[in-house]
Amino acid sequence: PTSMYIGTVTATDDDNGEYGDIEYSFESPSNYFSIDSSSGVIRTDVRIDREDTPNLDDLVVIATDSSKSSTATVHFIVNDTNDNPPIFSKPLYEFSIPFDQSPDISIGKVTPIDVDTPPNAITQYSIV
């Protein structure tokens, strides 16, 4: 979801008053995240899906007081959710079995594709 809380970066400043006020920003603009300039809270600006965006670039956060600044790097890991169904390569599978076939023999194979990562891509079968 958009505007999802990711985390908070914090910096400290031993100065008092306005010289101790810290403002946060990204060193470079981000297409995915925003940072609250006064709290350091990082939130998503767009929906991030692991199948579309498996890797995100690190972001450098700048903490600035009235005259000095410091940086920290934020690394993002995109976790997978089970948001994609398994898809079969065709809608109908037909297998023939000889009348006198012995039991416990393979007669065919169906293999769906699930773009999620394990354990979200583990498929269970049932015959209905």
Side-chain angles (χ1 to χ4, degrees):
T2 59
S3 197
M4 186 171 110
Y5 173 80
I6 298 300
T8 303
V9 292
T10 57
T12 57
D13 191 324
D14 291 336
D15 293 330
N16 294 320
E18 66 183 65
Y19 298 109
D21 292 339
I22 299 171
E23 187 172 290
Y24 300 95
S25 61
F26 291 135
E27 186 176 65
S28 301
S30 171
N31 294 325
Y32 300 99
F33 302 102
S34 58
I35 187 166
D36 184 277
S37 62
S38 58
S39 68
V41 169
I42 299 173
R43 296 189 175 278
T44 58
D45 283 344
V46 296
R47 182 180 180 273
I48 300 171
D49 190 342
R50 200 240 8 122
E51 287 78 30
D52 298 329
T53 312
N55 299 301
L56 293 168
D57 292 334
D58 292 348
L59 286 176
V60 175
V61 176
I62 303 172
T64 306
D65 67 7
S66 61
S67 63
K68 300 196 184 301
S69 65
S70 181
T71 62
T73 301
V74 179
H75 178 73
F76 299 95
I77 298 172
V78 182
N79 294 322
D80 191 26
T81 59
N82 194 5
D83 58 343
N84 293 288
I87 299 173
F88 288 99
S89 60
K90 54 187 182 179
L92 176 66
Y93 291 84
E94 293 185 55
F95 304 107
S96 299
I97 306 170
F99 175 72
D100 58 350
Q101 182 66 54
S102 61
D104 297 330
I105 190 164
S106 176
I107 59 164
K109 183 177 181 179
V110 295
T111 306
I113 297 171
D114 191 330
V115 294
D116 290 318
T117 58
N120 297 321
I122 297 172
T123 305
Q124 296 178 336
Y125 299 87
S126 58
I127 298 174
V128 291

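- Through direct or indirect side-chain contacts shorter than 4.5 Å among Ile, Leu, Val, Met, Phe, Trp and Tyr, Ile62 is connected to no other residue.
- Residue Val110 is grouped with residue Ile97 when hydrophobic side chains (ILVMFWY) are merged at heavy-atom distances under 4.5 angstrom, including chains of intermediate members.
- Residues Val46 and Asn31 have side chains not in contact (no heavy-atom distance under 4.5 Å, counting atoms from C-beta outward).
- Under the 4.5 Å side-chain heavy-atom criterion for ILVMFWY residues, a single connected hydrophobic cluster contains both Val74 and Val78.
- The CG atom of Asp21 sits 10.0 Å away from the CG atom of Asp15 when rounded to the nearest 0.5 Å.
- Atom CZ of Phe88 has more than 12 heavy atoms from other residues, nucleotides or ligands within 6.0 Å.
- Ile35 contributes atom CD1, which lies 9.0 Å from atom CG of Leu59 (distance to the nearest 0.5 angstrom).
- Note: Phe26 CZ to Ser34 OG = 6.5 Å, rounded to the nearest 0.5 Å.
- Between Ala11 and Ile22 the shortest heavy-atom distance is O-CD1, 3.2 Å.
- Both Met4 and Val61 belong to a single network of hydrophobic side chains, linked directly or stepwise wherever heavy atoms of I, L, V, M, F, W or Y lie under 4.5 Å apart.
- Within the structure, the side chain to side chain donor-acceptor pair (under 3.5 Å) test picks out the following pairs touching residues 52-73 (sequence neighbours left out): Asp58-His75.
- Asn84 places no side-chain N or O within 3.5 Å of a backbone atom of Asp114 that could act as its donor or acceptor partner.
- For Phe76 and Phe33, the gap between ring centers is short of 6.0 Å.
- Rounded to the nearest 0.5 Å, atoms CD1 (Ile87) and CD1 (Ile113) are 8.0 Å apart.
- Residue pairs satisfying the salt bridge (Lys or Arg N to Asp or Glu O under 4.0 Å) criterion with at least one member in residues 72-89, sequence neighbours excluded, are listed as follows: Arg47-Asp83, Arg50-Asp80.
- One distance of note links CD1 of Ile42 with OG1 of Thr8; it measures 7.5 Å at 0.5 Å rounding.
- Here the closest non-hydrogen pair linking Pro112 and Tyr125 is CD-OH, 2.8 Å.
- Annotation for Asp36 and Ser39: closest pair OD1-N, 2.8 Å, computed over non-hydrogen atoms.
- Interatomic distance, Tyr32 OH to Thr44 OG1, rounded to the nearest 0.5 Å: 12.0 Å.
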